[in-house]
Amino acid sequence: MIEHKGRIVGILISFSWITVLLVVLVPPLTYLYVGYERAQGGMEAGVSISTRLVSRLVNANPDLWQFEDTRIIDLLNDARGSKHDDIYRVFDNSGKIVAQVPAEIVPSVWPSLTSEETLYSYGQSVGRLSVEHSMEHLYITTLSIGIVSMVVGFFFHLGLRHLPVASLTRAWKQINYLASNDDLTGLPNRTSLKVQLEDYIKRTKGEKTFAVMFLDLDRFKIINDTLGHSVGDGLLKNVAERLRSCIREGDIVARLGGDEFAVVQMSDRQPNEATVLAKRICEEMAKPFDLGENRVVIGASVGIAIAPLDGENTDILLKNADLALYRAKSDGRGVHRFFESGMDALMQERRQMEFELRLGLEREEFELHYQPQVDLVSGKIVGFEALLRWNHPQRGLLAPDLFIPLAEETALIIPIGEWVIRTACMQASSWPFDTNMAVNLSPVQFRSDDLVRTVFSALANSGIAAKRLELEITEKILLLDNEATLKTLHGLRDLGVRIAMDDFGTGYSSLSYLRSFPFDKLKIDRSFVSDFIEGGSDGAIVSAVASMSKSLGIETTAEGVETEAQLEMVTTAGYTQMQGYLFSQPVSGAEISRKYFSGKDPDQVMALPA
């Protein structure tokens, strides 16, 4: 410890001397340099201006100009202005002074700067104009600044050199702590975790078995966004405490950043011990957290890598644990998964698909198919839902469920979604003015500040009436941030577009959202229609939604209608619209135009018997 203190003091003394030199030298030298540049620039400008003024006089009277010293002095006084440190002189070709401002010059011991230009008369040199600038004021001020800097530097050096060694040691320890620990939870951070793992592997020569677990909190972002960052921070602290209570002495728990944690279990009985610990962590994280006035429920997904089987060095173990975590999150969250050799290949495949998604956007490989929406009273087509497809060059036409989740993870859904809105509106402009166009919105698009602007631009460019565009959202969007989401929804409503809640009935708070925002339409989730069994509970739910919507004055659409029995059920229940394979599967815009609008009266296009 004494050697450590001595090293700190030695470093500090060296640092103090360097600081003193900087404090003493930088201010005066900077002032001198800037002052010199300004003086030189001002002097050159003065020479140029004065030369032009005197040249006019020379050209007006080439033979007698040098005898007009009074007029020349007036010109030089005008050019000199308030620059009292400058001396202006005009010489003829013999070197004789024709005019000088000021008339009397006090000799100075300080250096000066001089600049001059030649006077011409019709291309012939007739003399020269010189400006001399005294540097006395600049040097005296620089010297004064230097003296003050020396005094400040001296006291600064004394203050640093005589700080208590104990204070310096405490500061050094605090710096080390902050560099290796998470400031919020007090847990080791990613850097510290790597150092401890590398040290353990080195001491045991890689012959000991242990488990590395990556832990990700489920639904943390929703809580952080809706209840505030202070509640989110409190939740992270509580999570850290529960994790500490789950591990044994010798194990390590660390926070990697955000809502990600890591646990290292030092046990030879693997993977059995890791399984027990992972289950306990998932159970503990699923229990409610009491955070003052708020009681929240989250969960955790855990990915596990076993050393040395899944990696013999720290970087590989951490990477493989992260791959296992990704699988756990993909398998439904709230579960644990061990690393498998094929996971790396899956991650490579995911990265490749991300690359191909970006490329597909550039190459315009996406296309829209449209599914008709049918009025159940008149039997006529009243609109279409735009459904995205990816025309992949190798894999063919891909449905959205194969690439939309990845697009949302990587935020590519924002430019893709913008393209969908613009393309759907442009397509609608070629169809009858009384047919609507429905477009699905992703929760990620709602985090973009440009959504309202994008919709406005698409409407303006296509020329369709705003009321023809229907934007469909799910409850996931409303869970993001209630205040910000409602602001965006009202911004869209102010444009005149219609807002529909899609997949209604699948969330736990659907009814509460109907109170917070006046939706134009509800689309009951297709699962209630497709799972319909006569006399079953789904039929009762379908009827209840229709009855409630009617009382609220909201249109209703039944999705996924594929059989005559389902059609009869939703018609009897009182739904206003339907869509599904019973009438038409999604097809291209060209096919829609050919089939329904090519030379036909839109009023005569019947989807169902009247």
Side-chain angles (χ1 to χ4, degrees), residues 225 366 368 370-373 375 381-388 404 407-408 411-504 510 512-523 549 552-557 559 576-577 579 589 592 602:
D225 290 344
F366 295 101
L368 291 181
Y370 303 89
Q371 187 172 42
Q373 296 176 331
D375 184 270
I381 295 175
V382 292
F384 299 87
E385 180 178 2
L387 300 168
L388 183 63
I404 287 298
E408 290 180 328
L412 283 171
I413 193 63
I414 293 178
I416 293 175
E418 290 179 0
W419 177 87
V420 169
I421 294 171
R422 296 180 189 279
T423 304
C425 288
M426 196 59 68
Q427 180 67 73
S429 68
S430 67
W431 291 340
F433 65 88
D434 57 348
T435 54
N436 297 330
M437 180 64 73
V439 176
N440 292 279
L441 293 181
S442 162
V444 180
Q445 288 176 271
F446 260 73
R447 300 189 193 122
S448 170
D449 296 331
D450 294 330
L451 179 58
V452 176
R453 190 181 303 112
T454 297
V455 173
F456 175 81
S457 175
L459 292 171
N461 291 334
S462 64
I464 69 170
K467 65 181 181 180
R468 292 182 60 193
L469 179 61
E470 187 174 278
L471 300 177
E472 298 184 2
I473 69 171
T474 64
E475 293 182 39
K476 289 182 180 179
I477 290 176
L478 296 167
L479 285 171
L480 291 175
D481 182 339
N482 198 44
E483 183 177 348
T485 299
L486 289 176
K487 181 180 178 181
T488 302
L489 285 173
H490 283 291
L492 294 170
R493 171 60 68 79
D494 290 342
L495 295 179
V497 302
R498 291 161 51 86
I499 307 296
M501 181 183 285
D502 198 10
D503 300 335
F504 183 78
S510 298
S512 66
Y513 298 134
L514 298 181
R515 299 173 58 189
S516 60
F517 185 79
F519 288 92
D520 298 289
K521 179 189 288 187
L522 298 182
K523 300 185 72 175
S549 300
L552 293 174
I554 301 175
E555 293 181 2
T556 49
T557 297
E559 293 185 287
T576 54
Q577 298 173 12
Q579 68 182 86
I592 292 289

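In what follows, residues are counted from 1 in the order of the sequence shown.
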Are the charged groups of Glu385 and Lys523 less than 4.0 angstrom apart, N to O? yes

Using distance alone, with no hydrogens and no angle criterion, decide if Thr454 and Arg422 have a side-chain donor and acceptor under 3.5 Å apart.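 Judged by distance alone, the side chains do not pair up.
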
Any luck finding a side-chain donor-acceptor pair between Gln579 and Gln373 under 3.5 Å? yes

Roughly how far, to the nearest 0.5 Å, is [atom2] of [Y] from [atom1] of [X]?
X	Y	atom1	atom2	result
Cys425	Leu469	SG	CG	4.5 Å
Phe446	Thr474	CZ	OG1	9.5 Å
Gln371	Ile381	CD	CD1	11.0 Å
Thr423	Glu418	OG1	CD	11.0 Å
Asp450	Ser457	CG	OG	10.5 Å
Thr488	Leu441	OG1	CG	10.5 Å

Do [X] and [Y] make a side-chain contact, defined as non-hydrogen atoms from C-beta onward lying under 4.5 Å apart?
X	Y	result
Trp419	Leu388	yes
Val444	Ile414	yes
Gln427	Leu368	no

Worked check of side chain to side chain contact (heavy atoms under 4.5 Å, CB included) between Val382 and Glu555: CA-CA 13 Å; Val382 292; Glu555 293 181 2; over 6 Å; no

Which pair of heavy atoms, one from [X] and one from [Y], lies closest together, and at what distance?
X	Y	answer
Gly589	Trp431	O-CZ2, 3.7 Å
Thr556	Thr576	O-OG1, 2.6 Å
Ser549	Leu522	OG-CD1, 3.2 Å
Val439	Ala424	CG2-CB, 3.7 Å
Glu408	Pro443	OE2-CD, 3.7 Å
Pro372	Ile592	CG-CD1, 4.4 Å

Do any N or O atoms from the side chain of Arg468 and from the backbone of Phe433 form a donor-acceptor pair under 3.5 angstrom? yes

Scan Leu492, Asn440, Asp502, Leu489 and name whichever one has a side chain to side chain contact (heavy atoms under 4.5 Å, CB included) with Ile473.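 Single side chain to side chain contact (heavy atoms under 4.5 Å, CB included) partner of Ile473 among Leu492, Asn440, Asp502, Leu489: Leu489.
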
Identify the residue among Lys467, Arg493, Arg498 that makes a side chain to side chain donor-acceptor pair (under 3.5 Å) with Asp520.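 Passing option: Arg493.
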
